[in-house]
Peer 1: 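Right, I'll just put the structure down here and ask away after.
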Amino acid sequence: MMPVFMTLTAPAPFADETSCQCRAPHEKLTIAQARLGTPVDRPVRVYADGIFDLFHSGHARALMQAKTLFPNSYLLVGVCSDDLTHKFKGFTVMNETERYEALRHCRYVDEVIRDAPWTLTPEFLEKHKIDFVAHDDIPYSSAGSDDVYKHIKEAGMFVPTQRTEGISTSDIITRIVRDYDVYARRNLQRGYTAKELNVSFINEKKYRFQNQVDKMKEKVKNVEEKSKEFVNKVEEKSHDLIQKWEEKSREFIGNFLELFGPDGALKQMFQERSGRMLQAFSPRQSPSSSPTRGRSPSRSPSPPWVFNKASPPSSPKAASASLSSMSEGDEDEK
């Protein structure tokens, strides 16, 4: 069966604004009885007190432990006033009203007691019908006492809870003090005045100058990031362009070789045209029945006008006689 959880729709009430919800006779209980779930007619009333300045998860965990100590419990939380706290412990960051309200809105708290006493008295325990007091077991020395809960422990009404390590109000204040300049600059940037922050004139100017320097650094950082993005985009596009250029280059070289290579189309076309030109300029052979075939293969006589180089004419007369004989020969042939 699934557990049924109450839905919180309102903050916890203040003790002085509500009557005590415990109607049954308030009988003293032992821790063993409370853990067994008795008495059945009323919840076990558990009290936890503190300053609860800068309310944090360590406070909430302590209250959760106090609330779940017994099967059926009603958790009352006492919060000390500013006057009492400043007297015995020191100055607080939050005032008492802020601290009261912080406790009212914690889910484990059933009732808040304002202006709680520093040391618990029997009259206070009786007034609020308190069965047990929950707190961490470390002795709390204050107000001239080694342990303000000593008499509660001796009465058998003390139930210990565990502290949460690594978180406390003092730790939070230490962080703020350590990084004071950072938070002062932060609040100046958010519109708080130097007077509100109790910052001197010189420090104000210093913080504002540092804020301007930080803004410039942020702008430079943004420019660097944008530049890196631009360079990355250029590199990606360059890679794509180089890849496309390589593909186009391979395609161009392939086409060039296909056209101008050793076995390219241009060579084949040139060879075809050369063959045709040679065929066009070569002499045609005469048929086999040509009369020239019947002639003697002997050397054809030289034309009569070709002079014999071995015996040139010895005189002009001889040359004229030779020319007249050549003309006669031509007439005979005719």
Side-chain angles (χ1 to χ4, degrees), residues 11-18 45-69 73-125 127-153 155 157-180 183 198:
F14 289 119
D16 53 1
E17 294 179 355
T18 182
R45 295 174 68 83
V46 179
Y47 176 79
D49 60 359
I51 310 302
F52 302 107
D53 191 20
L54 297 176
F55 189 82
H56 52 73
S57 61
H59 294 141
R61 287 177 63 86
L63 297 176
M64 178 186 70
Q65 293 178 60
K67 176 69 176 176
T68 57
L69 285 171
S73 61
Y74 185 85
L75 180 60
L76 301 94
V77 178
V79 183
C80 299
S81 66
D82 286 346
D83 291 338
L84 203 59
T85 304
H86 297 168
K87 178 180 178 181
F88 291 109
K89 191 168 185 178
F91 193 74
T92 58
V93 177
M94 300 168 66
N95 60 44
E96 60 185 28
T97 302
E98 293 169 335
R99 294 185 285 115
Y100 296 155
E101 288 298 322
L103 268 297
R104 290 185 69 198
H105 292 83
C106 177
R107 63 181 299 180
Y108 309 113
V109 178
D110 295 305
E111 189 175 315
V112 174
I113 301 175
R114 291 182 284 196
D115 193 14
W118 199 261
T119 302
L120 301 179
T121 62
E123 293 77 17
F124 179 83
L125 297 173
K127 175 183 177 181
H128 294 283
K129 309 294 183 183
I130 296 171
D131 293 308
F132 299 101
V133 176
H135 200 274
D136 63 79
D137 203 15
I138 301 173
Y140 195 84
S141 58
S142 180
S145 172
D146 294 335
D147 187 1
V148 295
Y149 296 105
K150 182 178 180 181
H151 63 290
I152 303 295
K153 294 175 181 178
M157 297 177 63
F158 186 85
V159 184
T161 57
Q162 298 296 321
R163 291 178 64 89
T164 301
E165 297 298 330
I167 182 68
S168 69
T169 300
S170 297
D171 290 339
I172 295 173
I173 294 174
T174 299
R175 295 180 208 171
I176 296 171
V177 172
R178 181 188 61 200
D179 300 324
Y180 169 78
Y183 294 115
N198 196 26

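What you see is a predicted model; the values in this text were computed from it and never measured. Starting from 1, each residue takes its place in the sequence as its number.
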Peer 1: Between L76 and K129, does the side chain to side chain contact (heavy atoms under 4.5 Å, CB included) criterion hold? Intermediate values first, please.
Peer 2: CA-CA 10 Å; L76 301 94; K129 309 294 183 183; over 6 Å; no
Peer 1: Which residue pairs pass the salt bridge (charged side-chain N to carboxylate O under 4.0 Å, His left out) test when at least one of the two sits in residues 57-69, sequence neighbours left out?
Peer 2: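 For residues 57-69: K67-D110.
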Peer 1: Do side-chain atoms of D82 reach the backbone of N95 as a donor and acceptor pair under 3.5 angstrom?
Peer 2: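 No.
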Peer 1: Check this for me, if you would: do R104 and E101 make a salt bridge, where the nitrogen-to-carboxylate-oxygen distance has to be below 4.0 angstrom?
Peer 2: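 Salt bridge present between R104 and E101.
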Peer 1: NE2/H135 to CG/L120 distance, rounded to the nearest 0.5 angstrom?
Peer 2: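 Here the rounded value is 10.0 Å.
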Peer 1: How far apart are the C-alpha atoms of V93 and I172, what are their side-chain angles, what is the distance that settles it, and do they pass the side chain to side chain contact (heavy atoms under 4.5 Å, CB included) test?
Peer 2: CA-CA 11 Å; V93 177; I172 295 173; over 6 Å; no
Peer 1: As an exercise, state the distance from CE of M64 to NE2 of H59, rounded to the nearest 0.5 Å.
Peer 2: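 Nearest 0.5 Å value for the CE-NE2 distance: 14.5 Å.
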Peer 1: Take atom CG of D16 as the centre, draw a 6.0 Å sphere, and report whether it contains more than 12 heavy atoms from other residues, nucleotides or ligands.
Peer 2: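 Result for CG/D16: enclosed.
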Peer 1: Applying salt bridge (Lys or Arg N to Asp or Glu O under 4.0 Å), name anything that partners D53, two or more places apart in sequence or on another chain.
Peer 2: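 None.
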Peer 1: To the nearest 0.5 Å, what is the distance between CG (L84) and CG (D115)?
Peer 2: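 L84 CG to D115 CG: 7.0 Å, rounded to 0.5 Å.
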Peer 1: For the backbone of S81 and the side chain of T85, can you confirm whether one donor and one acceptor N or O come within less than 3.5 Å of each other?
Peer 2: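 The answer is yes, because a donor-acceptor pair under 3.5 Å joins these two groups.
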Peer 1: Apply side chain to side chain contact (heavy atoms under 4.5 Å, CB included) to H56 and T164, showing your working.
Peer 2: CA-CA 10 Å; H56 52 73; T164 301; over 6 Å; no
Peer 1: Hey, does the side chain of Q65 reach the backbone of Q162 with a donor-acceptor pair shorter than 3.5 angstrom?
Peer 2: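 Yes; judged by distance alone, with no hydrogens or angles, the pair exists.
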Peer 1: When rounded to the nearest 0.5 angstrom, what is the spacing between CZ in R178 and OH in Y183?
Peer 2: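 One gets 7.5 Å once the value is rounded to the nearest 0.5 Å.
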Peer 1: Would you say that F88 contacts I51 through its side chain, given a criterion of any heavy-atom pair below 4.5 Å between the two side chains?
Peer 2: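 No, their side chains stay 4.5 Å or more apart.
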Peer 1: Tell me, do K153 and D137 make a side-chain contact under 4.5 Å, heavy atoms counted?
Peer 2: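 In contact.
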Peer 1: Measuring from L54:CG to D171:CG, what's the distance to the nearest 0.5 Å?
Peer 2: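 It is 11.5 Å, given to the nearest 0.5 Å.
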Peer 1: For R99 versus C80, what's the shortest heavy-atom pair and its separation?
Peer 2: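 Reported closest heavy-atom pair: NH1-O, 2.9 Å.
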Peer 1: Considering all heavy atoms of both residues, which atom of T161 and which atom of A66 are nearest to each other, and what is their separation?
Peer 2: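 In terms of heavy atoms, the two residues are closest at CG2-N, 4.2 Å.
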Peer 1: Is it true that a side-chain atom of R163 and a backbone atom of G58 form a donor plus acceptor pair closer than 3.5 Å?
Peer 2: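 No, because the side chain of R163 does not come within donor-acceptor range (under 3.5 Å) of the backbone of G58.
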Peer 1: List the atom of M94, the atom of F55, and the distance in Å for their closest heavy-atom pair.
Peer 2: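 Result for this residue pair: SD-N, 4.1 Å.
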Peer 1: By the definition ring-ring contact (aromatic ring centres under 6.0 Å, His included), identify the one residue from Y74, F132, F124 that meets it with Y47.
Peer 2: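 Going through the options one by one, the only one that passes is F124.
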Peer 1: Atom CG of D146 and atom OH of Y140: how far apart are they, to the nearest 0.5 Å?
Peer 2: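 D146 atom CG to Y140 atom OH measures 14.0 Å (nearest 0.5 Å).
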Peer 1: Assess the residue pair R114 and V79 against the criterion (side chain to side chain contact (heavy atoms under 4.5 Å, CB included)); give the C-alpha distance rounded to whole Å, side-chain angles, the decisive distance to 0.1 Å, and a yes or no.
Peer 2: CA-CA 5 Å; R114 291 182 284 196; V79 183; over 6 Å; no
Peer 1: Compare all side-chain heavy atoms of V46 with those of V159 and state whether any distance is below 4.5 angstrom.
Peer 2: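 No, side chains not in contact.
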Peer 1: Taking all atoms of both residues into account, what is the closest heavy-atom pair of G166 and R175, and its distance?
Peer 2: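 Residues G166 and R175, closest heavy atoms: O-NH2, 4.1 Å.
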Peer 1: With a 3.5 Å distance limit and no angle check, can you tell me whether H128 reaches the backbone of I130 through a side-chain donor-acceptor pair?
Peer 2: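 No.
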